[in-house]
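Since this is a predicted model, take the numbers as computed values, not measurements.
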Amino acid sequence: QVQLVESGGGLVQTGGSLRLSCAASRSIFSINAMGWYRQAPGKQREWVAAITSGGITNYADSVKGRFTISRDNAKNTMYLEMNSLRPEDTAKYYCSTGVGASRSWGQGTQVTVSS
C-alpha cells in the first residue's frame, strides 16, 4: 500500500508543456511497476506511460516522442514531462504503482489544453 498525490496539472495552450509529479507516501525503491494513465470525459481510462525500477520506459503511441516518464527514488517521486501538448491530451492524469493487490492510484490532476 502506498498513497499517491499528483500535482502539476493546469491550463496550457496547444504546443505548450507541463511537468506532472506523483509524490508517494513511502519509499518507491522496491516498486518496479509504475506508470501514468489519463481519462477524458466520456472516455475510458487509458495507459500513457510506464517505467520500471531499472529505468526502462514504454509509451502509448499517442504520446511517444512528446512525453517523458521518469522517477527519482530518493525523492519518492515519479514525473511525466509533457511537451507539444494538443487538445486531445486534455484529461485527468493519474499515477499508479504496484500490481495486483498492491496496486495504488492517486486522485489525479487535471490537464487542459486549449485550442
Side-chain angles (χ1 to χ4, degrees):
Q1 296 180 331
V2 57
Q3 281 68 56
L4 305 171
V5 179
E6 302 94 338
S7 62
L11 175 64
V12 63
Q13 64 183 6
T14 298
S17 300
L18 285 174
R19 178 173 177 263
L20 306 184
S21 298
C22 172
S25 61
R26 65 171 177 82
S27 175
I28 61 171
F29 176 79
S30 62
I31 301 176
N32 187 45
M34 301 183 68
W36 288 91
Y37 295 74
R38 66 186 182 186
Q39 186 170 26
K43 297 183 178 180
Q44 292 186 234
R45 182 176 59 192
E46 66 173 327
W47 170 74
V48 174
I51 186 169
T52 70
S53 59
I56 299 173
T57 61
N58 280 295
Y59 301 90
D61 289 342
S62 59
V63 307
K64 191 175 182 63
R66 299 187 298 119
F67 291 11
T68 302
I69 187 172
S70 62
R71 60 193 286 177
D72 187 336
N73 291 341
K75 296 182 178 180
N76 297 334
T77 304
M78 179 174 63
Y79 305 95
L80 184 68
E81 297 178 356
M82 306 183 294
N83 300 310
S84 301
L85 285 163
R86 308 162 180 168
E88 52 263 43
D89 293 319
T90 295
K92 195 166 188 178
Y93 285 71
Y94 302 85
C95 64
S96 181
T97 64
V99 296
S102 298
R103 190 72 173 267
S104 296
W105 295 92
Q107 292 300 114
T109 184
Q110 180 67 40
V111 171
T112 302
V113 184
S114 63
S115 60

Do [X] and [Y] touch side chain to side chain, with heavy atoms closer than 4.5 Å?
X: Thr14; Y: Pro87; answer: yes
X: Ile51; Y: Ile56; answer: no
X: Arg66; Y: Asp89; answer: yes
X: Lys64; Y: Asn58; answer: no

Do you see a donor-acceptor pair shorter than 3.5 Å between the side chains of Thr77 and Asp72? no
Verify whether one side chain among Ser96 and Arg103 offers a donor that lies under 3.5 Å from an acceptor in the other. yes
Counting only heavy atoms from other residues, nucleotides and ligands, does the tally under 6.0 Å from CD of Gln107 exceed 12? no
For the CD atom on Gln13, are there more than 12 heavy atoms of other groups (residues, nucleotides or ligands in this structure) within a distance under 6.0 Å? no
Before we go on, tell me: are the rings of Trp36 and Phe67 under 6.0 Å apart, centre to centre? no
Interatomic spacing from [atom1] in [X] to [atom2] in [Y] - rounded to 0.5 Å:
X: Cys22; Y: Ile69; atom1: SG; atom2: CD1; result: 9.0 Å
X: Phe29; Y: Arg71; atom1: CZ; atom2: CZ; result: 9.5 Å
X: Ser84; Y: Arg86; atom1: OG; atom2: CZ; result: 7.5 Å
X: Leu80; Y: Tyr59; atom1: CG; atom2: OH; result: 8.0 Å
X: Tyr79; Y: Cys95; atom1: OH; atom2: SG; result: 12.0 Å
X: Glu88; Y: Lys43; atom1: CD; atom2: NZ; result: 8.5 Å

Result for side-chain contact (heavy atoms from CB on, under 4.5 Å) between Ser27 and one of Asn73, Val2, Asn76 points to Asn76
Output yes when a side-chain donor or acceptor of Thr90 lies under 3.5 Å from a complementary backbone atom of Thr112, and no otherwise. no
Taking Ser53 for its side chain and Asn32 for its backbone only, find out whether a donor-acceptor pair lies under 3.5 Å. no
Taking Trp47 as the starting point, is it possible to reach Trp105 by hopping between hydrophobic residues whose side chains are less than 4.5 Å apart? yes
Quick one: do Met34 and Tyr37 end up in the same hydrophobic cluster if we chain Ile, Leu, Val, Met, Phe, Trp and Tyr together by side-chain heavy atoms under 4.5 Å apart? no
So, for Ala40 and Ala91, which heavy atoms are closest and what is the spacing to 0.1 Å? N-CB, 3.8 Å
Can you name the nearest heavy-atom pair linking Val99 to Ala33, along with the distance? CG1-CB, 3.7 Å
With side-chain contact (heavy atoms from CB on, under 4.5 Å) as the criterion, how do Val111 and Lys92 come out once you've worked through the C-alpha distance, each side chain's angles and the decisive distance to 0.1 Å? CA-CA 6 Å; Val111 171; Lys92 195 166 188 178; over 6 Å; no
Could you check whether Arg38 makes a cation-pi contact with Tyr94, meaning its NZ or CZ is under 6.0 Å from the centre of the six-membered ring and within 45° of the ring axis? no
Could you walk me through whether Met82 and Val63 pass side-chain contact (heavy atoms from CB on, under 4.5 Å), step by step? CA-CA 9 Å; Met82 306 183 294; Val63 307; over 6 Å; no
Assess whether side-chain contact (heavy atoms from CB on, under 4.5 Å) is satisfied between Thr97 and Ser104, documenting all intermediate values. CA-CA 5 Å; Thr97 64; Ser104 296; 3.8 Å; yes
